[in-house]
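Since we're looking at a predicted model, the values are computed, not measured.
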Amino acid sequence: PLNGLDLDDPLASGAYEELSPLLGRLHAQQQEIGRQREELMRTSELRREFTANVSHELKTPLHTISGSAELLAEGMVRPEDVSVFSGRIYGEAKRMIRLVEDILRLSHLDEGAGDMEWEWVDLYALAEETAESFSLAAKEEGVAFLFAGEPAAVFGIRQLLQGILYNLCDNGVKYNLPGGCVSLEVGEAEGEAFLTVADTGIGIPAEHQERIFERFYRV
């Protein structure tokens, strides 16, 4: 019976009862190995997608910078339009810098961010600052920005919490509709702090929602 064991499916072997604990252990190990293989394949796939997404994000501003710079260098821009093309180059360069900073920040977090300080943070005060910083941008987009709530303390890393707030509010404004609204609320419920950002924008299709935490993934 030992020679006839199917190591890919140990429990189907029907060997001596005394071998049941061994077969159970082999089965559990096979399940774990299968799970690890699936995770490895998924990780490899995510890495490929991450590289493709980052490459795309870098290409777009690079093409704009290159094209505008070429027109300026060839003297094909009217004097009164030079500031427009220069502004475009400057804006796209800033966009690239932010992208590179995001990549470096992600790498830093992957390493554990052990040098970042944990502290008690007033989430309400942080959200209030964020709401104030977005008031002008929201107005320019024709979007109402509402803020409400009460003090709520959380133990965390201030700059990361600030980044979460900024990204959620930025998306709420950027992907909204004219005449729309972004609502930011902070408070406590059943002894737990909560943060809610709701908007009347275009939303994320259901089939993409499970991927919203993947790096640089865009619908």
Rounding to 0.5 Å, atoms OG (S68) and CG (D81) come to a distance of 11.5 Å
Give a yes or no on whether H56 atom NE2 has more than 12 heavy-atom contacts from other residues, nucleotides or ligands under 6.0 Å away.
no
Between D102, I103, L99, which is the residue that forms a side chain to side chain contact (heavy atoms under 4.5 Å, CB included) with E57?
L99
Mind running side-chain contact (heavy atoms from CB on, under 4.5 Å) on N171 and D199 for me, showing each step along the way?
CA-CA 9 Å; N171 286 338; D199 65 73; over 6 Å; no
Quick check: are there more than 12 heavy atoms from other residues, nucleotides or ligands sitting under 6.0 Å from CZ of F194?
yes
Common cluster, L165/L160, ILVMFWY with side-chain heavy-atom separation under 4.5 Å:
no
Counting only heavy atoms from other residues, nucleotides and ligands, does the tally under 6.0 Å from CD of E210 exceed 12?
no
The complete set of side-chain hydrogen bond (donor to acceptor under 3.5 Å, both in side chains) pairs with one or both residues in residues 123-143, sequence neighbours excluded, reads none
Backbone N or O of V82 within a donor-acceptor pair of the S86 side chain at under 3.5 Å?
yes
In Å, rounded to the nearest 0.5 Å, how long is the span from CE of M76 to CD of E70?
8.0 Å
Within-4.5 Å side-chain heavy-atom neighbours: V77 and V84
no
Are I204 and V173 grouped together when hydrophobic residues (ILVMFWY) are joined by side-chain heavy atoms under 4.5 angstrom apart?
no
How long is the gap from OG1 on T196 to CG on L168, to the nearest 0.5 Å?
10.0 Å
Looking at R25, I'd like to know if its CZ atom is crowded, meaning that more than 12 non-hydrogen atoms belonging to other residues, nucleotides or ligands lie closer than 6.0 Å.
no
Closest approach of C181 to L146 (non-hydrogen atoms, all atoms of both residues)
SG-CD1, 3.5 Å
Which is it for L104 and V100 under the side-chain contact (heavy atoms from CB on, under 4.5 Å) test, yes or no, and what are the steps along the way?
CA-CA 6 Å; L104 292 174; V100 171; 4.2 Å; yes
So, using ring pair (Phe, Tyr, Trp, His ring centres under 6.0 Å) as the criterion, who are the partners of F155 when residues are at least two apart?
W118, W120
Given the rule that I, L, V, M, F, W and Y join up when any side-chain heavy atoms are under 4.5 Å apart, are L58 and I97 in one cluster?
no
Run the side-chain contact (heavy atoms from CB on, under 4.5 Å) test on L72 and I89 for me, step by step, so that the C-alpha distance in whole Å, both residues' side-chain angles and the decisive distance to 0.1 Å come before the verdict.
CA-CA 11 Å; L72 286 169; I89 292 172; 3.8 Å; yes
Applying salt bridge (Lys or Arg N to Asp or Glu O under 4.0 Å), run through R35 and E38 and close with a yes or a no.
CA-CA 5 Å; R35 186 185 64 79; E38 288 180 2; over 6 Å; no
Using only atom types and a distance under 3.5 Å, with no angle test, would you say the side chain of Q162 pairs donor to acceptor with the backbone of L126?
no
Just so I know, are the side chains of T200 and L177 near enough to count as touching, which here means a heavy-atom distance under 4.5 Å?
no
Heavy-atom closest pair (A152 atom, V186 atom, distance to 0.1 Å) is CB-CG1, 4.0 Å
I157 and V154: same hydrophobic cluster, using ILVMFWY side-chain contacts below 4.5 Å?
no
Could you state the interatomic distance from CD (E188) to CG (L123), rounded to the nearest 0.5 Å?
10.0 Å
Quick one: CD on E185 to CD on E150, what's the gap to the nearest 0.5 Å?
8.5 Å
For atom CZ of R42, is the number of surrounding heavy atoms from other residues, nucleotides or ligands below 6.0 Å larger than 12?
yes
Do other residues, nucleotides or ligands put more than 12 heavy atoms under 6.0 Å from the CD atom of Q36?
yes
Run the numbers on T64 and R95 for side-chain contact (heavy atoms from CB on, under 4.5 Å), then give the verdict.
CA-CA 11 Å; T64 303; R95 177 180 169 188; over 6 Å; no
What are the two closest non-hydrogen atoms of A131 and L184, and how far apart are they?
CB-CD2, 4.3 Å
Taking it one step at a time, do R88 and E92 satisfy salt bridge (Lys or Arg N to Asp or Glu O under 4.0 Å)?
CA-CA 6 Å; R88 191 176 298 163; E92 293 299 328; over 6 Å; no
To the nearest 0.5 Å, tell me how far I65 CD1 sits from F85 CZ.
14.0 Å
Following the transitive rule for hydrophobic clusters with a side-chain heavy-atom cut-off under 4.5 Å over Ile, Leu, Val, Met, Phe, Trp and Tyr, establish whether V182 and I202 coincide in one cluster.
no
